Amino acid sequence: MADMRIPFFKPAISEDDIDAVVDAMRSGWITSGPNVQALEAELAAYTGAGYANAVNSCTAALHLALAAWGIGPGDEVIVPVYTFSATANVVLHCGATPVLVDVRDSDANMDPAAFEKAITRQTKAVIPVDFGGEPCDMAAIITIARRHGLKVLSDSAHSVGSLYRGRPVGSIADATALSFYATKNMTTGEGGALLTDDPELSDRVRMLTLHGITKDGWGRYTAGGTWRYDIAEFGFKDNLTDIAAALGRSQLRRLETFNEDRDRVAARYLANLRDEEHLILPSINEANRRVWHIFMVRVRNQQSPVPRDEVIKKLAERGIQTSVHFIPLHYFTAYQRYGNWKPGDFPVAEHIFDGAISLPIFPEMTDAQVDEVCQALREILHPR
Ligand SMILES: *Cc1c(COP(=O)(O)O)cnc(C)c1O
């Protein structure tokens with residue numbers, strides 16, 4: 001893919017980002033310390049969450065939240081089938097059972113009715129995923145969850161900066177996991193965070209993040225610290241480094257700008273492809289202010305003279321790199337082996353997947369590049 005003229009994604013790393021990392025490396029403290037503490041405070045302030053725990057991935061944030069809630073063997077956690085496998089894997093890593101449910105055709109987000117139907121006496125939590133940056137129907141999901149005493153853990157790997165009915169993502173669910181993976185809307189290379197208003201959850205996650213130790217390294221080595229510590233529980237090793245947190249703080253300062261640039265790209269795609277009869281474009285929910293992590297178009301395979309797979313191949317031949325989000329979880333070997341899932345079980349997710357193409361979108365993408373992708377799509381979809 002190295003010869004792709006228009007990449008699917010390109011990270012936006014500035015000289016300020018590089019300076020921030022270098023400063024952290026020169027500071028004498030490179031793992032979790034003052035930069036992690038500051039990033040946590042800045043994330044809480046940005047999202048309106050009471051507490052933020054910075055960790056080394058979104059996967060870790062999801063896993064730690066479930067573990068801190070004591071979710072384990074015999075428990076069920078409801079997960080949409082149209083997501084990245086991390087969302088369901090963490091349930092299995094707790095020894096609990098992931099229960100897959102279908103999504104909505106309009107936005108590929110979890111269908112609240114499917115969620116409600118899947119609830120049993122064993123259900124303990126639900127993990128809605130904000131697909132592509134569009135917030136889930138949280139009012140419906142939270143109402144159902146409250147009725148059944150379930151925790152709501154939002155997988156907001158795509159949606160940092162989104163507003164759900166005017167409220168920032170991170171301040172709505174019982175806990176919200178963010179991703180700072182290389183391709184996400186802000187990055188620390190690898191990294192993530194858990195946001196919550198519950199101080200007990202945040203404290204327990206902090207302890208489980210670092211082996212179950214009752215004090216973190218920074219606390220032990222600063223003035224007034226002591227060498228003595230206790231292991232309260234068998235924890236994990238999921239802390240974020242100060243090197244990564246320094247990058248995260250620098251990126252967070254520009255997140256709004258990144259998201260505005262992504263808005264520009266998305267708006268240009270929407271205007272440019274508006275009349276393309278063989279594509280379904282993303283629908284816009286006016287109640288929310290979504291960020292664009294993924295710009296997914298869907299090929300109408302029934303009527304299009306060129307099917308989805310062929311469109312992707314022909315775009316690649318023109319130097320345009322695309323991706324597909326997501327391969328539904330029940331298509332994967334490990335899931336088919338684990339559960340009784342088979343193709344046909346989740347018709348909406350399967351239908352979306354059949355046509356899905358994620359087009360290039362990144363802050364530095366130029367208008368000319370967007371226009372080139374649109375022109376290529378039109379030519380490919382209307383062969384002479
Ligand atoms: C990227 C992603 C994750 C995992 O994020 P990491 O930071 O790589 O662990 C989880 N869920 C979804 C929906 C994602 O896209």
Side-chain angles (χ1 to χ4, degrees), residues 8-9 11 36 39 43 52-67 77-94 98 100-101 103-104 107-110 125-136 138 141 152-162 169-170 173 175-195 205 209 236-241 244-245 247-248 251-252 255 262 290-296 322-332 335 349 352-353 356 358 361-362:
F8 174 64
F9 177 75
V36 165
L39 176 63
L43 284 169
N53 290 67
V55 291
N56 61 13
S57 69
C58 177
T59 306
L62 293 167
H63 176 241
L64 287 162
L66 296 179
V77 178
I78 295 172
V79 174
V81 72
Y82 209 69
T83 184
F84 183 58
S85 66
T87 320
N89 288 357
V90 295
V91 177
L92 290 157
H93 293 323
C94 288
L100 302 180
V101 298
V103 294
R104 305 192 293 203
D107 57 10
N109 279 340
M110 190 175 72
V126 58
I127 315 184
V129 178
D130 296 334
F131 178 82
E134 178 68 50
C136 287
M138 295 305 281
I141 291 166
V152 180
L153 172 57
S154 177
D155 181 338
S156 296
H158 299 179
S159 57
V160 62
S162 286
V169 160
T176 301
L178 306 180
S179 175
F180 309 140
Y181 178 67
T183 62
K184 297 287 164 45
N185 286 26
M186 62 171 273
T187 186
T188 60
E190 299 281 355
L194 189 75
L195 307 167
V205 163
T209 297
F236 307 95
K237 183 62 166 65
D238 292 334
N239 56 309
L240 190 71
T241 70
L247 176 55
Q251 288 262 305
L252 181 58
L255 179 61
R262 288 169 170 276
R290 55 106 28 111
V291 300
W292 292 91
H293 175 58
I294 291 167
F295 191 92
M296 177 176 76
T322 58
S323 189
V324 172
H325 298 90
F326 287 102
I327 302 172
L329 295 182
H330 69 301
Y331 281 0
F332 291 119
Y335 289 88
I352 295 172
F353 165 72
S358 299
I361 186 166
F362 49 91

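Nothing here was measured: the structure is a model prediction, and the numbers come from that model. Numbering of ligands and ligand atoms starts at 1, following listing order.
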Could you tell me whether Ser57 approaches ligand 1 through its side chain, its backbone, both or neither, with non-hydrogen atoms closer than 4.0 Å?
both
side-chain contact (heavy atoms from CB on, under 4.5 Å) between Val169 and Val160, worked out:
CA-CA 6 Å; Val169 160; Val160 62; over 6 Å; no
Would Lys184 count as a contact residue for ligand 1, given that I'm defining contact as a non-hydrogen atom of the residue lying under 4.0 Å from a ligand atom?
yes
Looking at atom 11 (N) of ligand 1, what's its closest protein heavy atom, distance included?
Asp155 OD2, 2.7 Å
Shortest protein contact, atom 8 (O) of ligand 1 (heavy atom only)
Tyr181 CB, 3.8 Å
Could you please spell out the steps behind the side-chain contact (heavy atoms from CB on, under 4.5 Å) verdict for Ser57 and Asp238?
CA-CA 8 Å; Ser57 69; Asp238 292 334; over 6 Å; no
Report, in ascending order of atom number, the atoms of ligand 1 lying under 4.0 Å from any heavy atom of [X].
X: Val129; result: 13 (C)
X: Gly191; result: 7 (O)
X: Thr83; result: 13 (C)
X: His158; result: 13 (C), 14 (C), 15 (O)

When only distance counts, is Thr59 in polar contact with ligand 1, meaning an N/O pair under 3.5 Å?
yes
For ligand 1, which is the ligand I care about here, please tell me if Cys58 has any N or O atom under 3.5 Å from one of the ligand's N or O atoms.
yes
Has Thr187 got a side-chain atom pairing as donor or acceptor with Tyr181's backbone, closer than 3.5 angstrom?
yes
Out of the candidates Val81, Leu100, Ile352, only one should pair with Pro328 under the side chain to side chain contact (heavy atoms under 4.5 Å, CB included) rule; please name it.
Val81
Check the angle between the aromatic planes of Phe131 and Tyr82 and answer parallel, tilted or perpendicular using the 30° and 60° thresholds.
tilted
Does a side-chain heavy-atom distance below 4.5 Å link Leu252 with Met186?
yes
Looking at non-hydrogen atoms alone, which of Pro80, Ser179, Ser156, Ala60 comes nearest to atom 6 (P) of ligand 1?
Ser179
Looking only at heavy atoms, which two atoms of Val291 and Ser159 are closest? And how far apart?
CG2-CA, 3.8 Å
His293-Asn185 side chain donor-acceptor pair, cut-off 3.5 Å:
yes
